[in-house]
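Right, one structure below, let's go through it.
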Amino acid sequence: MNSLVAVATGGDFEPALLQQPFGISRTDAVSFIFKGFQAALTGNRPPEKPKFQRDQSAALAFNGTVAERHTAADGSAEYLHLVFGTNEFVEGRGANIVDAEFLFLKDDNIVDLRASSRTNPTQADGQLSLSLSKGIVYDQNVAQRQLERLRKALQWESVPVITGFDPRFNQDKPLFFEKLYQPFLRGTYKSSPVDEMQ
């Protein structure tokens, strides 16, 4: 919890590797392959392997503040409430404030968390992303992106939440590209009990 508080309130952290495969930029990888192929044809020495690169764009310090911090009387759990964005004023709509809550249970490596934005997102807050169920979508979930950036800064692993409505974990629910074939596959898609509850 102490490392979370330190990083979230503006402390230094080591940026994660580039999101490219193996932390190597695509340009460097293509150059290495081309020079390696050229060296093999000419009999010269192979080129040096490209160096790993860190994502410096994600190295901006966080601007969070600790709103609440509690420990259970028996020490079985710790609760932390952070507020991000209190110093970021956006012209015409005020600050984009994100509340994040963390629950640390004793003898458990998984951190339970919840985040929400206090303001409604605008078009300027969004970015294009890929959804398994809807294809390309315009994502305006500022709180989720803030926590994902914090998770990467802390180098925590992501643990999926297995749900019936998520197509990654439900074989009966079609992915966005599988929906294109639905007119030709009538009767093959079975709705799950979770679909019927919604």
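Every heavy atom of this structure was used, including side-chain atoms; hydrogens, water molecules and symmetry mates were not.
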Kindly work out whether a path of hydrophobic side-chain contacts (I/L/V/M/F/W/Y, heavy atoms less than 4.5 Å apart) joins [X] to [Y].
X: Leu113; Y: Val98; answer: yes
X: Met1; Y: Val7; answer: yes
X: Leu4; Y: Leu105; answer: no

Atom pair [atom1]/[atom2] of [X] and [Y] - distance to nearest 0.5 Å:
X: Lys35; Y: Asp28; atom1: NZ; atom2: CG; value: 9.0 Å
X: Ile110; Y: Phe104; atom1: CD1; atom2: CZ; value: 12.5 Å
X: Thr65; Y: Leu82; atom1: OG1; atom2: CG; value: 7.5 Å
X: Arg149; Y: Leu154; atom1: CZ; atom2: CG; value: 11.0 Å

Flag if over 12 foreign heavy atoms under 6.0 Å of [atom1], [X]:
X: Glu157; atom1: CD; answer: no
X: Asn44; atom1: CG; answer: yes
X: Ile136; atom1: CD1; answer: no

Just say parallel, tilted or perpendicular for the rings of Trp156 and Phe102, cut-offs at 30° and 60°.
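Trp156 and Phe102: perpendicular rings.
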For Arg118, check salt bridge (Lys or Arg N to Asp or Glu O under 4.0 Å) against everything at least two apart and list the hits.
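Result, salt bridge (Lys or Arg N to Asp or Glu O under 4.0 Å) vs Arg118: Asp99.
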If you define the side chain from C-beta out and look only at heavy atoms, does anything of Arg69 sit under 4.5 Å from Val5?
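Side-chain contact under 4.5 Å: yes.
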Using side-chain heavy atoms (C-beta onward) and a distance below 4.5 Å, is Leu150 in contact with Leu147?
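The answer is yes; the side chains approach within 4.5 Å.
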Locate the shortest heavy-atom distance separating [X] from [Y]; write the atom from each residue and the value.
X: Asn141; Y: Gln144; value: OD1-N, 3.0 Å
X: Ala143; Y: Ser117; value: CB-N, 4.1 Å
X: Ser76; Y: Asp74; value: OG-OD1, 2.8 Å
X: Ala8; Y: Phe62; value: O-CB, 3.3 Å

Mind checking what makes side-chain hydrogen bond (donor to acceptor under 3.5 Å, both in side chains) contact with Asn109, not counting sequence neighbours?
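Counting only residues at least two positions away or on another chain, Asn109 forms no side-chain hydrogen bond (donor to acceptor under 3.5 Å, both in side chains).
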Tell me if a side-chain donor or acceptor on Arg114 pairs with a main-chain N or O of Glu101 at a distance below 3.5 Å.
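Checked: no pair found.
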Are Arg145 and Glu148 within salt-bridge range, i.e. N to O under 4.0 Å?
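Result for this pair is no, no salt bridge flagged.
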Can Phe84 and Asn63 be said to form a side-chain contact (heavy atoms from CB on, under 4.5 Å), step by step?
CA-CA 6 Å; Phe84 294 97; Asn63 64 349; 4.1 Å; yes
